[in-house]
> 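I am attaching a structure below and will ask some questions about it afterwards.
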There are 2 protein chains.
Amino acid sequence: MQEDIRQKVKERIQSGDFDCAKELTMSMFMGKHKLFILWELRKGNPIHFNEFTRLIPNVSRKVLTNQLNELIQDNMIKKKDYDEGNVKRVSYELTQTGKTIMPILEAMYQWGENRIEELKISPNYQTNSSEN
Amino acid sequence: MQEDIRQKVKERIQSGDFDCAKELTMSMFMGKHKLFILWELRKGNPIHFNEFTRLIPNVSRKVLTNQLNELIQDNMIKKKDYDEGNVKRVSYELTQTGKTIMPILEAMYQWGENRIEELKISPNYQTNSSEN
DNA sequence: CAGAATCCCCTTCGATACTG
DNA sequence: CAGTATCGAAGGGGATTCTG
């Protein structure tokens, strides 16, 4: 589904329909672990593939690969291959474009923190819609 | 899947795990039509159920109902029932909490617009931006 | 170490029909 | 007008296995 929106936004833009700015933005970080990945990279430090598998609880490598590849396609992060002795290593870091989206993530972080405080005070956060 | 994240965030918060602020925020507008719905409501004017079915291309009433109900559960929008002559009508509008998320949507809109301009100039989703 | 390829599951969406 | 109910289809995610 996320992929669906992401693909549709791409298609719309490529066919000249530019009326989907918010959706484009959302499709940058929509995906199971993208917010987490981008957030971890925000300080500028590159992160290795396997570091992510440790940082993110219960990611399969397939899904991680998928999320990273989509972020690369969207030009949010980039990859650096290099050799470390005999071992091939890969690290990921934000692109310039990726950095420009950080204020939005920070705003989301802040909004979420505030909302959580509100919910602590008046936890009118219904798990069920059976109430009215 | 969106629902999955949304539910999981709820559960985490309710069990005292408050370390998911960004995810909470994202779960507010993640969903096929939620961004659209919130955006249409941003000016403060209430919108009727059937108006949404006209505004949003190809929504089924089931999906629309679902999206609206989730937004209500999350306290982003609220519902007003009233009678108009003999006809029951329902309209939706932002809550106070819903209004507080608008700056993020506006930032998303702006970021998306800028990104689209970039893509018009160099229309490849991959590459460039002057590799460090 | 960093993936790619499979297979299966589960949710979510879409279409249609029915209700108060 | 504003939903509900039900069924089917599609696609993303998880676990596992294989590769350079």
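In what follows, every chain begins at residue 1, and chains take the letters A, B, ... in the order their sequences are listed. Computation of the quantities below employed the complete heavy-atom set of this structure, encompassing side-chain atoms and omitting hydrogens, waters and symmetry-equivalent molecules.
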> Toward the 5' end of DNA chain C, which comes first, A:Phe49 or B:Arg61, by nearest nucleotide?
A:Phe49
> Which is true for B:Phe52 with a 4.0 Å heavy-atom rule: it touches a base, it touches only sugar-phosphate, or it touches nothing?
nothing
> I'd like to know if A:Lys62 reaches the base of C:dG3 with its side chain, counting only an N/O donor and acceptor under 3.5 Å.
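There is none.
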> Base, sugar-phosphate alone, or nothing: which one does A:Asn69 contact when heavy atoms must sit under 4.0 Å apart?
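Counting heavy atoms under 4.0 Å across all strands, the contact made by A:Asn69 is with sugar-phosphate only.
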> Using whole Å, what does the distance between atom C1' of nucleotide D:dG13 and atom CD of B:Gln7 come to?
17 Å
> What is the separation between atom CD on B:Glu51 and atom C1' on D:dA2, rounded to the nearest whole Å?
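Going from B:Glu51 (CD) to D:dA2 (C1'), I get 13 Å.
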> Tell me whether the OP1 or OP2 atom of D:dA2 has a side-chain N or O from B:His48 closer than 4.0 Å.
yes
> Rounding to a whole Å, what distance do you find between A:Ile5:CD1 and D:dA10:P?
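Checked: the CD1 to P distance equals 19 Å.
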> Could you check B:Ile37, B:Leu41, B:Leu71 and say which one makes a side chain to side chain contact (heavy atoms under 4.5 Å, CB included) with B:Leu94?
B:Leu41
> Tell me whether the OP1 or OP2 atom of C:dC1 has a side-chain N or O from A:Tyr82 closer than 4.0 Å.
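No.
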> How close or far is atom P of D:dA10 from atom NZ of A:Lys8, stated in whole angstroms?
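The answer, rounded to whole Å, is 13 Å.
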> Under 3.5 Å, is there a donor on one side chain and an acceptor on the other for B:Arg115 and B:Gln110?
no
> Record whether the side chain of A:Lys32 comes under 3.5 Å of the base of D:dG12 through a donor-acceptor pair of N or O atoms.
no
> Closer than 4.0 angstrom, basic N to acidic O: yes or no for B:Lys120 and B:Glu117?
yes
> Can you spot which of B:Thr25, B:Thr97, B:Thr100 makes a side chain to side chain donor-acceptor pair (under 3.5 Å) with A:Trp111?
B:Thr100
> With respect to the phosphate group of C:dC13, does any side-chain polar atom (N or O) of B:Asn66 fall under 4.0 Å of OP1 or OP2?
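Yes.
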